[in-house]
Structures are given as C-alpha cells and as structure tokens.
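Take a look at the structure below.
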Amino acid sequence: MKLSKSLITRIIEVIIAIVSMFVLMIIYSNILNNSENDEEQKIKNLFKDINVENYAQIDKWTIYGNHLNICGNINKGNINDINIEELKIVAMNITKEEKEYTLEYKEKEETIVFFLSSNINEGINLEDIYEGNYYIFLKIIGTSNEKENSYYFNLKNTTEYTDSKYYTLTENNLNRKIEIDFSQIKYNKDTNVDYMNIISSNIELPEDIYDIVIDPGHGGSDPGAMYKNNTEAKMTLEYSIDLKRKLEYLGYKVKLTREDDEYTAPYGKNGRAIIPYDTKAKLFLSIHLNSTVKENPEGGVEIYCANNMNLNLAKNFANNIVNIAKTKYSPNNVSKALDGVYVKTYTKEDVEEAIEYAHDLNYEPYETLNTNTPYYFMIRETGGIMTKAYVDGRNKNIGDNPYHNSNIAAEAYLLELGFINSEKDIENLQKNKEAYISAIIKTIVDNYTK
Ligand SMILES: [Zn+2]
C-alpha cells in the first residue's frame, strides 16, 4: 500500500507539534524553577548578609483592630555572650531597608521573653505597611567582646495560627492586602530555616470585606430600654443608619448588623458578634442608650471597651461626644476607668456564679473566664483570644461563636450615648442627633487619618 503524500506530511506535522510542545514545556518549567530559585537565593543572600544564624520563637501573635502584636522568647543559649541593650522587631525588605519596632522584654530562667505591647490594640500598625515584601526579624542591639553590634534572628512560629490576611481601611478608594506568612527555606544541605514575612500588595477590596461594622443595639422582640414613647432599639437604629451614611460619604465601607427593627441573634449566620469577623472589619461600634435609677441626671456618656487595651480611642469618643453634643459624662462610678470610659469585667461573684451554672447544666466551666474577662459579650465575643471570647458551644443555651479562638478581630467599643429616661438627655439625643454623630465621626477620622 502506498501512503499518500499528504498523509505523510500530516503525520510529520503532528510529530513536530508534539515534540515542540514538550520542548516548550521543559523551557517553561525551567524558567519557573529558576525564578523560584532566584527568589530563594535572594532570601538566602539576605539572611547571609545580615548574618542570621539562629532563631527566636513566636509564642503568640494577634491582630486587634489595625495592630499586629507579637510575643515570643529567645533561648539565652542562642545569643551567646551578647550584652543586651535593646530588643526590636524589624521589618526589612530585600534591599535591607529597615523599619523598627521597640520590644519590651524580661529575663525568665533560660529565656528572654519579649512582646511588642501588653495592650491588645498596640504593636505594629498594619495601616503603615506599604506595598512590598518584608522579612521580619528579632534584632538585638548589644555588645559582645566590647563591640557594639546588631544581631538578627529569624522568627519561628510555634502557634496554631499559620497565616492571616488583613485588609487596610479604604482610603481614596484604595486598599492593600497584608498577608502574614511563615515559611521555611533550605539554607544549606541539612538545615531548614523558619522565617516570618509580611507581603503587602495593592488590591481591589473583595465584596464581603468591610472597614467598619456598626451594631444598632437590640431590635424587634428586644426593644432595650424604654421611656414614654421612646425605645432604645428604634433610636439606635436611626443613629446607626445616619452614622453609616456619613462614614460612607467619607469613603469608608460600612456594614450594619441590622437594617430594620428586627431581632438579631448574637451568633450563627449574620449574628451580631459574627459579622465583624466575617467582614474582617477593623472597627466595631455597638450603639446603645442607657437608663438610670438616678433622678434626672444631665448626661450619661459611657464608652465600654476591653480592659487590656490602650484607652485613648475610648477617651476620645467620650470627650468628643461630651464636648460636641454638649452633654455630660455618666455619673456612674461602677467599672469606671476614666471620665466616660468603662472597662467592665466579671466580678469574683460573677465568676463563681458562672461556675455553679456550668455545673448545674453539666458542662465544664469556661477555662478563660475569670476576673479579667470582659463582661459584655459584644466586647468579649467579637475579640477572639484577645478578649477571652469563650462561647464555644458547650452551653447549648447560648449557641456557638465559631471565631472564639480567632487571633484576628475588630477593635470593639460599646457606646452608651445617654439615658433614655432622663428628660434632658432624651431631648438632647432627639434634637442634637447631628452633633452626637459628628462627634463619633470626628473620633474615627482623627484616629485613622495619617
Ligand atoms: Zn442597650
């Protein structure tokens, strides 16, 4: 049988096509490999340049609001004979430009324990991390053999939290995604090196990510405080809707936990305490009105927040509301930290009661519940491990907060704007709504504007 010329040509063409496909695949995978190797080589060179030989370990890292906080320790054996003068965390790019953050530290037997801050809302402000790839080291400034020097150590993550994404607050319609990442690199034949890096990139904000969540207190079957024709639930909704509109006008992306006069469950899908996590919000405000047993006080501003934080922002909320809305700090002295600022935690009696209650209902008492645990669930359960959230489903009556163990959460404040049953307060709250709202907005803008 004689093959036609065209058939032979076709067969040759197919063979050529297959061969060239293989050749292209090999070339492509080589390019990929090389660029990967290039990247690895660059990192190794950086580590060699700054003489990273040993490591410190991270025992805890959290993001509360816009601050990354790191706690860790370094074995004294790893630092040889260095006389420590200062301890820092540094973020370094591949061209060795550094940004430094001073650490607090204390010696503890065989280790030196360090931390950025004992306040959950302090540490590295992630809003200040501009586009780029940063390697994070522990830096010890100290003397060895009478020579002052800087010594760098990699950071090895020993926590269960392996990575995290943070989205910066919207500014001029722009956002960055900040990824916290822990990797390992083959340093030489038989040593692997652990390191931490932060990758910051300009992005378009995903649809389900928000800057701020506002929670109009109560709603529906739960009217909250009531006086004459006024209910807390209705007023907090009006306030929250206005607040959202004005913040949006300034460019922030804002979500409400409820948009109608309806009951909103704390947990579960679209739960009040769950939305701030789901939306990766940086700030969470729960708006409330109080009622008092005292005779007609002039004002009742009470700003609640967690106990283990810097109170500046809470103080600014209280001061601005009092000054701009021409009202007064609450006369309430229970759990008061500063004028208008309150940090309510469980009392000894509350803790005992909670333990008894757990026994009665046949579940193990919560391990993190003690006199340092924030009392209000809107503060505690929205803050993950930073605020000792504990609602983990063991008590069948109150549901489950799937984020109770989260190491990233919004910075939360509960704002009691005034007393609904004080004639003076309710009149001011109704006639002067704009002033209360501008006071809240001024506090937010002043805090986040660079
Ligand atoms: Zn309330």
Side-chain angles (χ1 to χ4, degrees), residues 65 119-121 212 214-218 224-228 230-233 235-236 238-240 242-243 246-247 283-347 374-380 382 387 411-448:
N119 288 326
I120 54 175
N121 59 343
I212 302 169
I214 295 169
D215 171 51
H218 311 276
M226 289 191 286
Y227 185 66
K228 293 184 179 166
N230 304 302
T231 70
E232 183 184 354
M235 285 183 73
T236 56
E238 278 170 29
Y239 263 73
S240 300
D242 266 24
L243 196 52
K246 290 195 171 131
L247 284 168
L283 180 66
F284 174 69
L285 301 179
S286 189
I287 309 292
H288 287 255
L289 298 177
N290 233 337
S291 65
T292 177
V293 286
K294 287 211 173 85
E295 278 292 298
N296 226 2
E298 286 184 57
V301 176
E302 297 178 11
I303 311 298
Y304 287 85
C305 62
N307 46 314
N308 50 348
M309 57 196 267
N310 174 327
L311 300 178
N312 286 344
L313 190 56
K315 196 172 132 205
N316 291 344
F317 275 122
N319 291 356
N320 284 333
I321 294 169
V322 164
N323 294 332
I324 297 171
K326 298 193 169 47
T327 175
K328 291 253 159 66
Y329 301 114
S330 168
N332 172 20
N333 279 321
V334 181
S335 310
K336 182 173 157 177
L338 301 161
D339 282 343
V341 177
Y342 293 78
V343 285
K344 188 171 164 71
T345 53
Y346 274 83
T347 63
Y375 185 82
Y376 290 122
F377 85 95
M378 291 310 274
I379 303 280
R380 184 188 66 242
T382 53
T387 54
E411 187 167 338
Y413 295 90
L414 193 152
L415 277 52
E416 299 275 9
L417 299 178
F419 294 121
I420 200 167
N421 60 344
S422 147
E423 296 293 341
K424 200 152 184 186
D425 246 8
I426 193 74
E427 196 192 323
N428 199 24
L429 280 158
Q430 280 166 338
K431 287 192 180 154
N432 234 343
K433 188 164 86 176
E434 294 302 307
Y436 282 89
I437 286 168
S438 17
I440 297 169
I441 290 192
K442 178 180 162 44
T443 314
I444 295 171
V445 170
D446 287 353
N447 186 60
Y448 293 124

Audit row: Asn316, Asn447, side-chain contact (heavy atoms from CB on, under 4.5 Å) steps and yes/no: CA-CA 9 Å; Asn316 291 344; Asn447 186 60; 5.8 Å; no
Gap between atom CD of Glu423 and atom CD1 of Ile420 - 0.5 Å precision: 11.5 Å
Exceeds 12 heavy-atom contacts within 6.0 angstrom, atom NZ of Lys315: no
Donor-acceptor under 3.5 Å (Thr443 side chain, Ala439 main chain): yes
Straight-line distance of Lys442 NZ to Ile324 CD1, nearest 0.5 Å: 6.0 Å
Check: Glu302 and Asn332 side chains under 4.5 Å, non-hydrogen atoms: yes
Minimum side-chain heavy-atom gap Ile287-Ser240 below 4.5 Å: yes
Closest contact, heavy atoms only, Ser330 versus Phe419: OG-CZ, 3.8 Å
Smallest separation among heavy atoms of Ile379 and Pro374, with atom names: CG2-CB, 4.1 Å
Over all atoms of both residues, closest heavy-atom pair of Ile303 and Ile321: CD1-CD1, 4.2 Å
Flag, side chain of Asn323 to backbone of Asn319, donor-acceptor distance under 3.5 Å: yes
More than 12 heavy atoms from other groups under 6.0 Å of NZ on Lys246: yes
Inter-residue atom distance Asn310.CG - Cys305.SG, 0.5 Å rounding: 9.0 Å
side-chain contact (heavy atoms from CB on, under 4.5 Å) assessment of Asn119 paired with Asn308: CA-CA 5 Å; Asn119 288 326; Asn308 50 348; 5.5 Å; no
Where Pro331 and Gly299 come nearest, the two heavy atoms and their spacing: CD-O, 3.6 Å
From Ser438 atom OG to Asn320 atom CG, the distance as rounded to the nearest 0.5 Å: 9.5 Å
Test log, rule ring pair (Phe, Tyr, Trp, His ring centres under 6.0 Å), inputs Phe317 and Tyr413: CA-CA 9 Å; Phe317 275 122; Tyr413 295 90; 5.5 Å; yes
Main-chain N/O of Leu338 paired to Tyr329 side chain as donor or acceptor, under 3.5 Å: no
NZ/Lys336: more than 12 non-hydrogen atoms of other groups inside 6.0 Å: yes
Check: Glu416 side chain, Asn290 main-chain N or O, donor-acceptor pair, under 3.5 Å: yes
Donor-acceptor contact below 3.5 Å, side chain Asp242 vs main chain Ile437: no
Donor on one side chain, acceptor on other, Gln430 and Asn230, under 3.5 Å: yes
Shortest non-hydrogen contact between Ala306 and Leu311, atoms and distance: O-CD2, 4.3 Å
Heavy-atom check, side chain of Glu238 versus side chain of Lys433, under 4.5 Å: yes
Sidechain N-carboxylate O distance under 4.0 Å for Lys326, Glu298: no
Asn421 vs Met226 side-chain heavy atoms within contact, under 4.5 Å: no
Charged tip of Lys344 within 45° of Tyr375 ring normal and under 6.0 Å: yes
Close side-chain approach of Ile444 and Leu283, heavy atoms under 4.5 Å: yes
Pairwise side-chain contact, Pro297 with Thr292, heavy-atom cut-off 4.5 Å (strictly under): yes
Tyr376-Tyr304 aromatic ring centre distance below 6.0 Å: yes
Option from Ile120, Thr387, Val343 for which side-chain contact (heavy atoms from CB on, under 4.5 Å) with Met309 holds: Ile120
Trace of the side-chain contact (heavy atoms from CB on, under 4.5 Å) decision for Phe284 with Ile212: CA-CA 6 Å; Phe284 174 69; Ile212 302 169; over 6 Å; no
Under 3.5 Å: donor-acceptor pair, side chain of Glu232, backbone of Gly224: no
Minimal non-hydrogen separation, Leu285 against Ile440, with atom names: CD1-CG2, 4.0 Å
Evaluation steps, side-chain contact (heavy atoms from CB on, under 4.5 Å), between His288 and Leu415: CA-CA 6 Å; His288 287 255; Leu415 277 52; over 6 Å; no
Note, Glu411 side chain near Leu313 side chain (heavy atom, < 4.5 Å): yes
4.5 Å side-chain heavy-atom contact, Tyr239 and Leu289: no
